[in-house]
Peer 1: 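Once you've had a glance at the structure underneath, I'll fire off some questions.
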Protein chains: 2
Amino acid sequence: MATVEHVGGDDPPLVALPATAYAVLGLLSFGRELSGYDIKKWADASLRHFYWAPAISHIYRELQRLEQLGLVEGHEAPQDGLRNKRMYRITASGRAAVTAWLVESPGETPMLKHPVALRVWLGHLVEPDDLTRLLSAHVDRLRDELAQIEASIAGVRGDDAMRYPAAVLQWAKSIYEADLTASQTLQQSLQRAPDARRPTR
Amino acid sequence: MATVEHVGGDDPPLVALPATAYAVLGLLSFGRELSGYDIKKWADASLRHFYWAPAISHIYRELQRLEQLGLVEGHEAPQDGLRNKRMYRITASGRAAVTAWLVESPGETPMLKHPVALRVWLGHLVEPDDLTRLLSAHVDRLRDELAQIEASIAGVRGDDAMRYPAAVLQWAKSIYEADLTASQTLQQSLQRAPDARRPTR
DNA sequence: CGTTGCATGTAAGGTGTTACATGATTAC
DNA sequence: GTAATCATGTAACACCTTACATGCAACG
């Protein structure tokens, strides 16, 4: 991967990168200059809820790669007192690359990696009480996450390009709400019909 | 990682393994002997919907590691005409390890990696029609997945330990249904309030 | 007669993580 | 004074995937 292939008329270049690289490029496609640190914060507030919670070190390496490929441009921005920032902006070919990826790549299947579900799935190995506690903690965490999503929605500037991020956060909110109610239902159904025997332990 | 640490009274040993290793161990904890191939099929029919869709090669390597750690035991099972199967069963210390992990490890946060959401989030880069088509395709895929989940639920044997897998599949069904309705709502909301200007492209 | 299913495994390499190094400023 | 925030980056390494190698049986 990470090789640049010229396809068809030699322009625009189609770049084979992982989806997460396009996510970083996408964050820069809203027009503002961002530092690696800015990207991390924005990703944590927004992208995290439906796509990715990147490690900060990973973002820095991704930005280096994207710069080598000419998809972003970085420059030092002196900060008084503080350490210099390195600010990045997307290039024309970067913008073309994300757009091409969006249109051409046939969207992979979504994936849900839910450790709580995995634990309940293995419920026969633990005491029923353990599951109840697990699900309660999960519901609490969901309430937290829902509050954060609402804060992110409130924080979105009302301009044009931001319509889509706002709409997706709204969609994400529905998903987490569904998780919340389904988890409560699950908890109740496990209590209502408790095991006759001891768990196989 | 993958080192065995003895904690406290030297028994049971606490094993530091990735969650996916415990998923494989968990599949074996239902008591039946399974081959790598069996595990792959079962994971694809069940685990995939809420946790993991492992590569078959990964499963084979994971089983090797688990055997070296003494958490599973494998033996050759001659098949007439066909290639030999290598069947695995969980050991007592394997069962102790999964159970300890379930009880002690404080469940990581779930993660949702949703390429469709990412694309809609970047909606300002594409034509509105592209998003409509994307969401339609997504809804179709969801209907497929829901049908598969229902098939898996129907295929679950009605015995004792299988209560939990059935309950989790039911939970997963709710999540996918929520995705379906939220995606339809999203699609409509994007059509109802179309962009005044051309997309910034 | 080609594809799909059954069945196992190795090799190579990309993706993404944690740990570490560094250092100023602000808040408790 | 100690923690948190701002800010960037390297090194090491674990995780997991794709590609490849192999081969029989059954279905259309």
Side-chain angles (χ1 to χ4, degrees), chain A residues 1-4 15-25 33-45 47-48 51-69 72 74-88 108-109 111 113 115, chain B residues 1-4 15-25 33-45 47-48 51-69 72 74-88 108-109 111 113 115:
Chain A
M1 294 279 165
T3 51
V4 180
V15 181
L17 291 168
T20 48
Y22 289 109
V24 170
L25 224 39
E33 281 197 341
L34 298 170
S35 67
Y37 198 84
D38 294 333
I39 289 174
K40 168 66 175 162
K41 275 190 304 180
W42 193 3
D44 278 352
L47 264 188
R48 178 171 71 83
Y51 194 72
W52 190 39
I56 179 69
S57 64
H58 189 188
I59 292 175
Y60 287 121
R61 293 220 291 96
E62 203 64 67
L63 285 168
Q64 285 168 12
R65 164 159 70 176
L66 293 172
E67 186 163 30
Q68 270 165 29
L69 293 170
V72 303
H75 63 96
E76 295 293 323
Q79 231 69 10
D80 39 46
L82 288 149
R83 181 201 271 230
N84 277 6
K85 267 186 171 186
R86 189 168 175 81
M87 301 296 285
Y88 289 90
E108 322 83 274
T109 38
M111 80 161 252
K113 197 162 194 166
Chain B
M1 297 278 160
T3 52
V4 180
V15 182
L17 290 168
T20 47
Y22 290 109
V24 169
L25 224 39
E33 283 197 341
L34 299 171
S35 66
Y37 198 85
D38 293 334
I39 289 174
K40 168 67 175 162
K41 274 189 304 180
W42 193 2
D44 279 353
L47 265 189
R48 177 171 73 83
Y51 194 74
W52 191 38
I56 179 70
S57 63
H58 189 187
I59 292 174
Y60 286 121
R61 293 222 289 98
E62 204 63 67
L63 285 168
Q64 283 168 12
R65 164 159 71 175
L66 293 172
E67 186 162 31
Q68 270 164 30
L69 292 170
V72 303
H75 64 96
E76 296 293 323
Q79 231 67 11
D80 39 45
L82 288 149
R83 182 200 271 230
N84 276 7
K85 266 187 171 184
R86 189 167 175 80
M87 302 295 285
Y88 290 89
E108 322 83 273
T109 40
M111 81 162 252
K113 195 161 198 170

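Note on naming: letters A, B, ... go to the chains in the order of the sequence lines (proteins, then strands), and numbering restarts at 1 for each one. A quick note: this is a predicted structure, and the numbers were derived from the prediction, not measured.
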Peer 1: Can you sort out the partners of B:E76 under side chain to side chain contact (heavy atoms under 4.5 Å, CB included), two or more places apart, ordered by chain and number?
Peer 2: B:N84, B:R86
Peer 1: Can you sort out the partners of A:K85 under side chain to side chain contact (heavy atoms under 4.5 Å, CB included), two or more places apart, ordered by chain and number?
Peer 2: A:S35, A:D38, A:A77, A:Q79, A:M87
Peer 1: Taking N or O atoms only and anything under 3.5 Å, show me the protein contacts with nucleotides 9-12 of chain D, one pair per line.
Peer 2:
| unit_1 | atom_1 | unit_2 | atom_2 | d |
| --- | --- | --- | --- | --- |
| D:dT10 | OP2 | A:Q64 | NE2 | 3.1 |

Peer 1: To 10°, what angle do the rotation axes through the five end pairs on each side of the helix from C:dC1-D:dG28 to C:dC28-D:dG1 form?
Peer 2: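 Computed from the C1' atoms at both ends, the axes differ by 40°.
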Peer 1: Treating A:E62 as the side-chain partner and A:T20 as the backbone partner, does any N or O pair qualify as donor plus acceptor under 3.5 Å?
Peer 2: no
Peer 1: Looking only at heavy atoms, what is the nearest atom pair of A:Y88 and A:E67, with distance?
Peer 2: CE2-OE1, 3.7 Å
Peer 1: Can you pull out the residues from residues 33-41 of chain B that lie within a 4.0 Å heavy-atom distance of DNA chain C?
Peer 2: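 Only B:S35, B:G36, B:Y37 qualify.
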Peer 1: For A:E108, check side chain to side chain contact (heavy atoms under 4.5 Å, CB included) against everything at least two apart and list the hits.
Peer 2: A:A19, B:P115, B:R119
Peer 1: Taking only residues two or more places apart in sequence or in another chain, which ones pass ring-ring contact (aromatic ring centres under 6.0 Å, His included) with A:W52?
Peer 2: A:H58
Peer 1: Just jot down the side chain to side chain contact (heavy atoms under 4.5 Å, CB included) partners of A:S57, sequence neighbours excluded, or say none.
Peer 2: A:A55
Peer 1: Going by salt bridge (charged side-chain N to carboxylate O under 4.0 Å, His left out), name the residues that satisfy it together with A:K40, two or more places apart in sequence or in a different chain.
Peer 2: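 Once residues adjacent in sequence are excluded, the partners of A:K40 under the salt bridge (charged side-chain N to carboxylate O under 4.0 Å, His left out) criterion are A:D44.
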Peer 1: Using the test salt bridge (charged side-chain N to carboxylate O under 4.0 Å, His left out), find all partners of B:R48 that sit at least two apart in sequence or belong to another chain.
Peer 2: B:E145
